[in-house]
Amino acid sequence: MTKKTTTVEATTTYKLNVEEVRKDFPILHRQVNGKPLVYFDNGATSQKPQQVIDVINRYYQHENSNIHRGIHTLSQEATDAYEKARTTVQQFINAQHNHEVIFTSGTTGSINLVASSFGKKHIQAGDEIIISTMEHHSNIVPWQMLCEEKGAILKVIPINEKGELLLDEFKKLLSPKTKLVAVTHVSNTLGTINPVKEIIQLVRQHNSTLDGNVGGNIPPSGGQRGAVILIDGAQAVPHTKVDVQALDCDFYAFSAHKMFGPTGVGILYGKEAILNELPPYQGGGDMIKTVTFEKTTYNELPHKFEAGTPNIVGGIGLAAAIDYMNHIGIANIEAYEHELLNYATHKIKKIEGVRIIGEAANKASVLSFLVDGTHPSDIGMIIDKLGIAIRTGHHCTEPLMNRFNIPGTARASFAFYNTKEEIDTFILALERALKMLK
Ligand code: PLP
């Protein structure tokens, strides 16, 4: 691969020197199977810049201590760093309050928290939960489990051949029994960027038609409760600016590891009023105010939902990743990745027999494809020998694969540290693999 500096300047709106950026990511300079690594599996997890790695090292070398409980200096420093990280997340997603930011183990943890806590309090037999055809298993299975437990009904928004949600069909699914709508902001398999703002507005309008409800989810006095909205932001936050107040969602879930931070930590954003009325998710230390054998009272937000010693360094590492993204500029990231996607799409379409799965008008940097007469995993295995990491399989979206009547896809997903030269290398490797396979 040529070591050429690629400075991309687009119509004066952004500037991203990708070779400079790549210097921050040590792993990008290793070899795999004797070839320079081309990492196109960013949808599964992203790589970490030195700045994040340093913060994690420094924490264990200088600050390590348990939080919220110690009077000593180390504990106070760790607590300060962790709570500062919460504020960094709050500002990043523009939440109104920092106690609306709950640290979890990741998107999966966040969705399970809502399914358990909201489900326990508000879902009854016959109630309806709406998801979409393109959800990740982690935004399907928790709702299925809840429906099974409570006798509730799961409804699914269909999509078209391009991989776009059918909003007219969605409107028809909304009913007075709809208690929750959970959709992904960006599809990990198709790359579709869903019109989540429009979806949320449709739910708000629907809620306002319910008896005694004024469009929110919590009726002012005795009216009917409307549906709440959870957005799975796992694939959106790494690529685009998210403003939870502008969206007006009730819950927003995402994972640190997909946005250049550590694994095992993520966020559940929830509106204060809704979080306040929900029961705790798990019991243990930190989530209590007082405990006696007769009765326990619960802590306030956000601690009510954070039982036990959390992933302290994970939270601090996530804040470092956010600082890094802010330093690069989210608008720069978005514009550059869009350019990479267009470049790769254009190139791959020239290969005979290629079928792109997911051709929505509005897409993030995910390129899923199939090639006539070949199996995606064979392609993945051959190009791995050439140092190229892509994903193959159902991408934890089996119902979506069934919708397209395919067993899986090959998926290249790009981050802002990828280059057009890497895409050229990938296309050449793909052509070589296809020659071997046909
Ligand atoms: N939702 C989407 C859209 C995803 O792509 C993923 C992971 O690939 C998840 C949820 C689950 O994220 P995690 O495994 O970090 O909890």
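Note that ligands are numbered from 1 as they come in the structure, with each ligand's atoms numbered from 1 the same way.
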Contacts table for ligand 1: protein N or O within a distance under 3.5 Å of ligand N or O, distances only.
{"unit_1": "ligand 1", "atom_1": "1 (N)", "unit_2": "Asp232", "atom_2": "OD1", "d": "3.2"}
{"unit_1": "ligand 1", "atom_1": "1 (N)", "unit_2": "Asp232", "atom_2": "OD2", "d": "2.5"}
{"unit_1": "ligand 1", "atom_1": "5 (O)", "unit_2": "Gln235", "atom_2": "NE2", "d": "2.7"}
{"unit_1": "ligand 1", "atom_1": "8 (O)", "unit_2": "His136", "atom_2": "NE2", "d": "3.3"}
{"unit_1": "ligand 1", "atom_1": "8 (O)", "unit_2": "Lys258", "atom_2": "NZ", "d": "2.6"}
{"unit_1": "ligand 1", "atom_1": "15 (O)", "unit_2": "Ser255", "atom_2": "OG", "d": "2.7"}
{"unit_1": "ligand 1", "atom_1": "15 (O)", "unit_2": "His257", "atom_2": "NE2", "d": "2.7"}
{"unit_1": "ligand 1", "atom_1": "16 (O)", "unit_2": "Thr107", "atom_2": "N", "d": "3.4"}
{"unit_1": "ligand 1", "atom_1": "16 (O)", "unit_2": "Thr108", "atom_2": "N", "d": "2.9"}
{"unit_1": "ligand 1", "atom_1": "16 (O)", "unit_2": "Thr108", "atom_2": "OG1", "d": "2.6"}

What is the ring orientation for [X] with [Y], classed by angle as parallel under 30°, tilted 30 to 60°, or perpendicular over 60°?
X      : Y      : result
His327 : Tyr324 : tilted
Tyr417 : Phe25  : tilted
His394 : His137 : tilted

Under 3.5 Å, sequence neighbours excluded: what are the donor-acceptor pairs made by side chains of residues 301-311?
{"unit_1": "Lys304", "atom_1": "NZ", "unit_2": "Leu275", "atom_2": "O", "d": "3.0"}
{"unit_1": "Lys304", "atom_1": "NZ", "unit_2": "Asn276", "atom_2": "O", "d": "3.0"}
{"unit_1": "Lys304", "atom_1": "NZ", "unit_2": "Leu278", "atom_2": "O", "d": "2.7"}
{"unit_1": "Glu306", "atom_1": "OE1", "unit_2": "Arg86", "atom_2": "NH2", "d": "3.0"}
{"unit_1": "Glu306", "atom_1": "OE2", "unit_2": "Arg86", "atom_2": "NH1", "d": "2.8"}
{"unit_1": "Glu306", "atom_1": "OE2", "unit_2": "Phe103", "atom_2": "N", "d": "2.7"}
{"unit_1": "Thr309", "atom_1": "OG1", "unit_2": "Asn66", "atom_2": "ND2", "d": "2.9"}
{"unit_1": "Asn311", "atom_1": "OD1", "unit_2": "Gly314", "atom_2": "N", "d": "2.8"}
{"unit_1": "Asn311", "atom_1": "ND2", "unit_2": "Gly264", "atom_2": "O", "d": "3.0"}

My understanding is that only residues two or more places apart in sequence, or in another chain, count here; which of them pass salt bridge (Lys or Arg N to Asp or Glu O under 4.0 Å) with Glu164?
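Salt bridge (Lys or Arg N to Asp or Glu O under 4.0 Å) check on Glu164 returns nothing, list empty.
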Name all residues meeting the side-chain contact (heavy atoms from CB on, under 4.5 Å) criterion together with Thr88; count only those two or more places apart in sequence or in a different chain, and write none if there are none.
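Result, side-chain contact (heavy atoms from CB on, under 4.5 Å) vs Thr88: Ala319, Ile322, Asp323.
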